[in-house]
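Just below is one structure, and these are the notes that go with it.
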Amino acid sequence: MMKKGRVFSGARPTGRQHLGNYLGAIRNYVALQDEYDCVYCVVDLHALTSLQETKALRVNTREMVLDWLAAGMDPEKSIIFVQSHVPQVTELHIILSMVTPMGWLTRLPTFKEKVRQQPDNVNYGLLGYAVLMAADITLYKADIVPVGEDQAPHLEFTREIVRRFNYHFGKVLVEPQIKLTEFPRVLGIDGVNKMSKTLNNHIEIASSPEEIRERVMRMVTDPQRRYRTDPGRPEVCNLFTLHGFFSPEQEKEIEAACRTAQIGCVECKAILAKNIAQAFAPFRERREALAAKPETVGDILADGAARARVIAEATLAEVKEAVALP
Ligand code: ADP
């Protein structure tokens with residue numbers, strides 16, 4: 001079948017994936033595989049911006065890729081590889097950095113957030129994060145980039161870099177489009193912040209039913225509902241948003257029962273925990289089978305790197321030609 005174009009996405013090796021990663025990104029990674037030529041990357045170099053993460057890079061890469069595979073990312077259909085195994089991206093990064101105005105980088109909300117998070121380690125790599133991401137995307141000439149909403153400024157930045165590069169050197173790079181899921185920003189169990197490992201407000205998709213239940217029970221619900229007899233407001237409740245995905249058949253009933261205080265939050269949480277655990281039961285089984293074969297992940301990543309390198313070398317050659325490097 002003729003593919004519609006190329007998809008690229010990357011994620012830092014953060015280990016076991018959470019519901020935010022899954023609903024915001026991985027679902028699209030899987031869904032796009034049949035229609036597009038997909039390239040998915042473990043961006044390990046990006047993870048070096050925070051030095052604490054480096055100790056666990058290898059374990060976290062394996063854990064993340066096991067989640068990806070169990071969720072349905074298929075190495076027969078897609079290229080799955082590790083960023084540093086295809087070092088051409090670092091060359092493109094340097095070339096793109098020359099068309100990147102400093103002000104664009106310091107103004108990025110993601111950079112400002114990192115500066116707040118790690119004020120004693122505001123390194124050059126952190127500033128260049130978006131340039132490296134632009135290099136990832138453009139090296140593979142991606143048309144579509146499936147990511148969560150938090151990545152939208154980076155995508156816009158990439159598009160601007162592409163326009164600037166192409167203006168100076170000719171139409172070599174491709175301007176990518178962002179692709180969001182219907183859950184582009186999943187909130188954490190605190191009900192306020194984006195679900196994230198850093199904030200420890202997450203629910204891992206590989207968790208056991210007991211672990212899922214334990215986390216769901218801690219979820220913050222409608223703050224105005226103080227007593228069991230108070231009517232709830234599903235529209236402000238994060239729990240209800242997740243019911244929308246995990247409890248589609250019960251959604252209407254739960255909404256009505258919440259508004260009329262026929263069910264309380266504890267009961268509502270028990271239903272959600274059960275449905276999440278059930279939804280990921282086949283996933284957990286596949287993951288266990290994959291984890292039992294220790295060489296699988298390494299083999300897939302080696303094969304992915306070899307396939308990715310072919311595309312990377314071709315683009316980099318074109319870029320060097322366009323820039324007229326001697
Ligand atoms: P990275 O730093 O590479 O974005 P993350 O683990 O933070 O690594 O995210 C991986 C992917 O999951 C990204 O596409 C990101 O936008 C998406 N994502 C992460 N957290 C959430 C969330 N809470 N809601 C929706 N999407 C999310």
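First listed ligand is number 1; within each ligand, the first listed atom is number 1. Only a predicted model underlies this, so the values are computations on that prediction, with no experimental measurement involved. Values reported hereafter were calculated over all heavy atoms of this structure, with side chains retained and with hydrogens, waters and symmetry mates removed.
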Taking 4.0 angstrom as the limit, do [X] and [Y] come out as a salt bridge?
X      : Y      : result
Arg309 : Glu313 : no
Glu63  : Arg287 : yes
Glu318 : Lys141 : yes
Glu288 : Arg284 : no

Is the contact between [X] and ligand 1 made by the side chain, the backbone, both, or neither, using heavy atoms and a 4.0 Å cut-off?
X      : result
Val186 : both
Thr14  : side chain
Arg185 : backbone
Ala25  : side chain
His18  : side chain

- Query: Where does the angle between the aromatic ring planes of Phe280 and Phe246 fall among parallel (under 30°), tilted (30 to 60°) and perpendicular (over 60°)?
  - Reply: tilted
- Query: At a 4.0 Å cut-off, with the gap strictly under it, does some heavy atom of Tyr22 reach an atom of ligand 1?
  - Reply: no
- Task: Could you tell me if any non-hydrogen atom of Ser196 lies under 4.0 Å from any atom of ligand 1?
- Result: no
- Message: Using ring centroids (six-membered ring only for Trp), state whether Phe245 and Phe183 fall under 6.0 Å.
- Response: yes
